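To start, the structure itself, in structure tokens.
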Amino acid sequence: MHNLLHNLNPEQLAAVTLPAQSALILAGAGSGKTRVLTTRIAWLIQTGQVSPAGILAVTFTNKAAKEMMTRLSAMLPINTRGMWIGTFHGLCNRLLRTHYRDAALPQTFQILDSQDQLSVIKRLLKANNIDDEKYPPKTVMYFINNAKDQGLRADKVEAYDPIERKMVELYQMYDDQCQREGVVDFAELLLRTFELLSRNQPLREHYQQRFKHILVDEFQDTNDLQYNWLKLMAGHGQSNGGGALFAVGDDDQSIYAFRGANVGNMSAFEREFKVQNLIKLEQNYRSHGHILDSANMLIANNSKRLGKNLRTDAGHGEPVRIYEASSDLAEAQWIIEESKSLIAEGASRSEIAVLYRSNAQSRVIEHALFSAGIPYHVYGGQRYFQRAEVKHAIAYLQLMDNPHNDSAFLRVVNFPTRGIGLRSVEALQAAADQYGISLYAAVPYVAGKAGSSLGNFVKLVEGARFETQQMPLPELVRVVLEASGLLTHYQTEKEGADRIENLEQMVSAATQFVSEEGFGQGAPAHLGPKSLAQAGDAIVNEDGIEIIDADAALPTVMSPLSAFLSHASLEAGDNQATVGQEAVQMMTVHSAKGLEFNNVFITGLEEGLFPHESSSREEGGVEEERRLMYVAITRARQRLYMCFAQTRMLHGQTRYNLKSRFFDELPEESLKWLSPKVQSHWSANSRKSAWDETPLVGSDNAIAQKLVQKSVSTGAGWRIGESVAHGKFGEGVIVNLEGSGSNARAQINFGSHGMKVLDLSIAKLDRLGR
DNA sequence: CGTGCGTCGATTTTT
DNA sequence: TCGACGCACG
């Protein structure tokens, strides 16, 4: 046990060894948060305070859950089975599978990913002749998910206008449709579990008593439903008490409000649980001083913080280097030059990260890296299980497991083509609507030639199911790839080689899944009829209560095939296996959260881009952007670079941006402004002294001076891209010039004051710089 | 039934 | 600018 607590600092130690009460751990970036979480679990078990089965640890991503598992296995000699460590969605899936009957779901319910969900909605709109201009599928989807994330069913959503009323109606229709098909979307997994436990007292109490300790990672990212889910699990407000909720999070790293996360949950938790144990982890083990000072000073500009300041024992380190480029191309070129010298100094390419606010920015940088022959890896590409060919194969498997999944049916009914055209499908849809049944079930009601081709398709699926009944999962997958005609189809396609490779990878994915998830290598992928009949819900009623806990029941209620399909929906897999290569890492700031690198570039630091222009329209938007910047800065261990460009091509138009306001919020003494290679637009603020400290390199300086003087002496010669100052609107950049003489007008971007068109003969403008 | 062209839109993302 | 998607044609 001493080993366990050996290298913890006093705050970490205090957090790890807290009593079994609700606790809030404010864990700054790089403060050893995961270590605290895992060590606490290990400590609780090792000191005999709880058995592994009494632990419930919740994360947002599979990656985080896996990481916790791995670290725990290394710490504890005992088996980690019995502990429930997983994502909200994964844990809900487990509960719903076990208690499917109580949850009013079919045993083989399937999980829709966002793509599937959107297609269900599109289908729904079409089937009901709803104008998708007035009700765009994406908007409807957002409306539905938003309601579910707040824990609201259609009958509880308040509608204030006809559009909203229709949305609510669509929400209800959507839920009905999903119920008919036996499918649930991501939000539904949570809401359904929440409702199940709310309404079923014995079941609820069973799990409340079981989970003595509930630990949550990234608590600042919880939405309302997730928080209520946790409250329910922890038995909040119940006299017989439930588990102790140990919440770990960082309000300064809350960057997911746009998807429903509510930082307010942190203070709500503190208040509602009467949290006595609030511990701040402020010792940072990641970054050098200048980097940390920058992060601290920047984030201090936010109001409504719980309050936290990172400190380090490491020295100041290198200053933060800042570069102003003339264009997005020049910015990319500079990144390449700096990367090259880092690599020359011995830096590993995978320890260089290029971060950007939005994906569109990656193009130019990728291009430059490519031209320079530097290997790179872009995060956030398409995931394995999202690829079209893989989704097709999955759809066949889904139909074998639950033929009423209409999305799966439509995806492959005519793929590869087998003469089932639009008219056949329309006829089928009509029959299905008429009887209120699934497409699959409606096949017998379609007559004629269409009916017979459809009949053959059904036979194909039934045949595959029958044939594979006794097979282990990987073998089943192989048979389905063949029987579906997918392999043959891609063999004839000229660019099908990659796709075939992806399809064949599915067999190994199945093999790996079967061995990792303990479904037994030899077990048939389907359950025999007997085990299906026996498999059951927890038997729960008021008096003779017998609970079948999920641990015991799961293998009997879920076949390897069902489990594999859940896995495919819940874990979309990595994007491309280029991991082995030593490559520069490129990603959005959002996806960099949780990662760290020796060298980090934060790019495109311009008003409108970062902070993003749409953030100024949202309440608290700029503060969220600032937190995003905080996340970006705190990714760096040793060297941090920031850059921005005077001109940038965006959506086919050249934009002239002011440099980001965030530069004004950084400590000057930690920064090193690098010499501009071209005429500067003299950064529209009081950064002059910093320029002076870093004298311009001889010749560049002279050229820059001349250029500026020239533009001044031209008098009327205002220039697009030039920075100006206005008495009322402050600093801005000239974006466009029109007219001439006394009619001359300039369109000027004044950043937070917006875009203005000013008459140059009237407006009083000063050139900035000199 | 597959291809080709025109329109439209365009932060951020996990499950 | 560029890509995804929907519709018209061969």
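Owing to the predicted nature of the structure, the values given are computational and were not obtained by experimental measurement. The chains referred to below are lettered A, B, ... by the order of the sequence lines, with proteins before strands, and numbering in each begins at 1.
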query: If you look at every strand shown and take non-hydrogen atoms under 4.0 Å, does A:Ile420 touch a base, only sugar-phosphate, or nothing?
result: sugar-phosphate

task: Would you classify A:Asn359 as touching base, sugar-phosphate or nothing, given that sugar-phosphate means primed atoms plus P, OP1 and OP2, and contacts are heavy atoms under 4.0 Å?
output: sugar-phosphate

message: Any non-hydrogen side-chain atom of A:Asp175 less than 4.5 Å from a side-chain atom of A:Glu188?
response: yes

- request: Mind checking A:Asp113 for me? I need base, sugar-phosphate or nothing, with any heavy atom below 4.0 Å counting as a touch.
  value: nothing

- request: Using the six-membered ring of A:Tyr256, assess whether NZ or CZ of A:Arg259 lies under 6.0 Å from its centre and within 45 degrees of the ring axis.
  value: yes

- request: Return the nearest nucleotide to the side chain of A:Arg383; candidates are B:dT11, B:dC1, B:dT15.
  value: B:dT15

- prompt: With a 4.0 Å cut-off on heavy atoms, is A:Lys122 in touch with a base, just the backbone sugar-phosphate, or nothing at all?
  reply: sugar-phosphate

- prompt: So among A:Asp217, A:Leu230, A:Thr222, which one has a side-chain contact (heavy atoms from CB on, under 4.5 Å) with A:Val58?
  reply: A:Leu230

message: So A:Phe258, base contact, sugar-phosphate only, or nothing? Heavy-atom distance under 4.0 Å.
response: base

query: For A:Glu133, which contact category applies under a 4.0 Å heavy-atom criterion: base, sugar-phosphate, or nothing?
result: nothing

- request: Measure from CD on A:Glu218 to P on B:dT13 and round the result to the nearest Å.
  value: 15 Å

query: Across the strands shown, which category fits A:Ser614 at heavy-atom distances under 4.0 angstrom: base, sugar-phosphate, nothing?
result: base

- prompt: Considering heavy-atom distances to DNA chain B, does A:Asn414 or A:Thr61 have its closest nucleotide positioned more toward the 5' end?
  reply: A:Asn414

- request: Classify the nucleic acid contact of A:Tyr256 as base, sugar-phosphate or nothing, counting any heavy atom under 4.0 Å across all strands shown.
  value: sugar-phosphate

- prompt: Between the base of B:dT15 and the side chain of A:Ser114, is there a donor-acceptor distance below 3.5 Å?
  reply: yes

- prompt: So what does A:Asp221 touch, heavy atoms closer than 4.0 Å: a base, only the sugar-phosphate, or nothing?
  reply: nothing

query: B:dT14 P sits how many Å from A:Lys148 NZ, rounded?
result: 21 Å

Residue closer to the 5' end of DNA chain B, A:Glu571 versus A:His651 (nearest nucleotide): A:His651

task: Pick base, sugar-phosphate or nothing for A:Glu188, based on heavy-atom distances below 4.0 Å to the nucleic acid.
output: nothing

- prompt: Charged N to carboxylate O under 4.0 angstrom, A:Arg71 versus A:Glu67?
  reply: yes

message: Check A:Glu623 with A:Lys304, please: is the shortest side-chain N to carboxylate O separation under 4.0 Å?
response: no

task: Flag the pair A:Asp401 / A:Phe564 as yes when at least one side-chain heavy-atom distance between them is below 4.5 Å, and no otherwise.
output: no

- prompt: Closer than 4.0 Å, any side-chain N/O of A:Thr87 to the OP1 or OP2 of B:dT15?
  reply: no

field: Value in whole Å for how far the P atom of B:dT12 lies from CG of A:Leu628
entry: 11 Å

- request: Starting at atom CD of A:Gln382, determine the distance to atom C1' of C:dA4, rounded to an integer number of angstrom.
  value: 12 Å

message: Going by centres under 5.5 angstrom and planes under 30 degrees, do the aromatic ring of A:His590 and the base ring of B:dT12 stack?
response: no

- line: Classified by glycosidic angle (syn within 90° of 0, else anti), B:dT12 comes out anti

message: I want to check one thing: is the phosphate of C:dG3, taken as OP1 and OP2, less than 4.0 Å away from some side-chain N or O of A:Arg363?
response: yes

- request: With P as the reference atom in both, quote the distance from C:dC5 to B:dT12 in angstrom, rounded to an integer.
  value: 16 Å

query: In whole Å, what is the span from the CD1 atom of A:Ile255 to the C1' atom of B:dT14?
result: 12 Å

message: Any heavy-atom pair between the side chains of A:Arg192 and A:Leu105 that's under 4.5 Å?
response: yes

- request: Measure from CD on A:Glu624 to C1' on B:dT12 and round the result to the nearest Å.
  value: 9 Å

- prompt: Out of B:dT15, B:dT14, B:dT11, which nucleotide sits closest to the side chain of A:Ser615?
  reply: B:dT11

- prompt: Between atom NE2 in A:His612 and atom P in B:dT13, what is the gap in whole Å?
  reply: 12 Å

query: For the pair made of NE2 in A:His567 and C1' in B:dT15, what is the distance, rounded to whole Å?
result: 13 Å

